[in-house]
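When reading the values below, keep in mind they use all heavy atoms of this one structure, side chains included, and skip hydrogens, waters and symmetry mates.
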Amino acid sequence: MSKPGLSFLDRNLTLWIFVAMALGVAIGVVFPQASVALDAMSVNSVNLPIAIGLILMMYPPLAKVDYAALPKVFQDKKTLALSLIQNWLIAPVLMFVLAIVFLSDYPEYMTGLILIGLARCIAMVLIWNGLACGDNQYGAALVAFNSIFQILFFSSYAWFFLTYLPPFFGIEGNVIKW
């Protein structure tokens with residue numbers, strides 16, 4: 001019995017992402033107050049439309065996880081180590097190098113690219129894992145594992161890559177203020 005192919009929506013996910021980005025930009029241009037209206041839909045620092053969208057995106061793949069099998073995944077030290085190396089050594093350094101090489105004349109964009117290299121996109125990992133017919137337990141476990149590292153180390157990594165490291169390359173460091 002062969003596996004069915006991807007659905008029309010799944011096959012064209014990249015296209016839908018670009019369409020959504022273009023639509024967002026168009027709405028911002030045509031209706032400049034849209035961002036103010038969306039921002040008004042926040043409770044403390046949580047934007048409700050974004051929170052609802054993330055829950056709707058993450059619930060289906062997380063509902064397929066056999067949570068009783070997660071301890072077995074966390075015993076796989078090789079996979080956990082590889083995930084940490086890729087996500088917390090290679091990705092930040094690669095994005096930092098790309099930012100320094102290509103965007104050193106544009107500090108705002110350079111900062112953005114460095115921050116993108118530090119932030120793990122949890123919801124999309126779950127979506128892409130599902131599309132690739134990956135192991136749901138491994139996907140969820142690695143997302144949880146890297147989420148913990150993100151909570152613990154994001155601020156120190158941001159300081160290191162934005163404030164401490166750039167002067168070694170002749171670029172003024174940044175301090176992000178919230």
Worksheet item: Transitive ILVMFWY cluster of Ile27 at side-chain heavy atoms under 4.5 Å: who else is in it?
Response: Leu23, Val30, Phe31
Worksheet, complete the sentence: Heavy atoms of Ala99 and Ile114 approach each other most closely as CB-CG1, 3.7 Å
Practice prompt. Work out which heavy atom in Pro166 is nearest to a heavy atom in Gly173; give both atom names and the distance.
Written response: CB-CA, 4.1 Å
Worksheet entry | Partner residues of Phe168 under the ring-ring contact (aromatic ring centres under 6.0 Å, His included) criterion, sequence neighbours left out | Tyr164
Within this structure, what is the [atom1]-[atom2] distance for the pair [X] and [Y], rounded to the nearest 0.5 Å?
{"X": "Met110", "Y": "Ile100", "atom1": "CE", "atom2": "CD1", "answer": "4.5 Å"}
{"X": "Leu142", "Y": "Leu80", "atom1": "CG", "atom2": "CG", "answer": "6.5 Å"}
{"X": "Asp135", "Y": "Asn129", "atom1": "CG", "atom2": "CG", "answer": "7.5 Å"}
{"X": "Leu126", "Y": "Leu54", "atom1": "CG", "atom2": "CG", "answer": "10.5 Å"}
{"X": "Ile90", "Y": "Leu84", "atom1": "CD1", "atom2": "CG", "answer": "11.5 Å"}
{"X": "Leu162", "Y": "Glu172", "atom1": "CG", "atom2": "CD", "answer": "12.5 Å"}

Hey, any chance [X] and [Y] share a hydrophobic cluster, counting ILVMFWY side chains that come within less than 4.5 Å of each other, even indirectly?
{"X": "Ile171", "Y": "Leu94", "answer": "yes"}
{"X": "Ile148", "Y": "Val125", "answer": "yes"}
{"X": "Ile50", "Y": "Ile52", "answer": "no"}
{"X": "Leu82", "Y": "Val73", "answer": "no"}

Got a list of side-chain donor-acceptor pairs under 3.5 Å for residues 57-69, not counting sequence neighbours?
from, atom 1, to, atom 2, distance (Å)
Asp66, OD1, Ala68, N, 3.3
Tyr67, OH, Leu62, O, 2.9

Worksheet entry | Listed partners of Ser147 passing side-chain contact (heavy atoms from CB on, under 4.5 Å), at least two apart | Ile122, Val143
Quiz: residues 34-46 side-chain donor-acceptor pairs under 3.5 angstrom, not counting sequence neighbours:
from, atom 1, to, atom 2, distance (Å)
Ser42, OG, Asp39, O, 3.0
Ser42, OG, Asn47, ND2, 3.4

Worksheet item: How would you list all residue pairs meeting side chain to side chain donor-acceptor pair (under 3.5 Å) that involve residues 75-84, not counting sequence neighbours?
Response: Asp76-Thr79, Asp76-Tyr138, Ser83-Asn87, Ser83-Asn146
Fill in: Val93 side chain near Phe161 side chain, heavy-atom distance below 4.5 Å
yes
Please list, one pair per line, the donor and acceptor atoms closer than 3.5 Å that link side chains of residues 151-160 to other protein atoms, with sequence neighbours excluded.
from, atom 1, to, atom 2, distance (Å)
Ser156, OG, Phe153, O, 3.0
Tyr157, OH, Trp88, O, 2.6

Distance-only donor-acceptor hits, side chain of residues 12-20, under 3.5 Å, sequence neighbours excluded:
from, atom 1, to, atom 2, distance (Å)
Asn12, ND2, Phe8, O, 2.9
Trp16, NE1, Leu9, O, 3.2
Trp16, NE1, Asn12, O, 3.4

Discussion item. Enumerate the ring-ring contact (aromatic ring centres under 6.0 Å, His included) contacts for residues 101-133, please, sequence neighbours excluded, ordered by first and then second residue.
Written reply: none
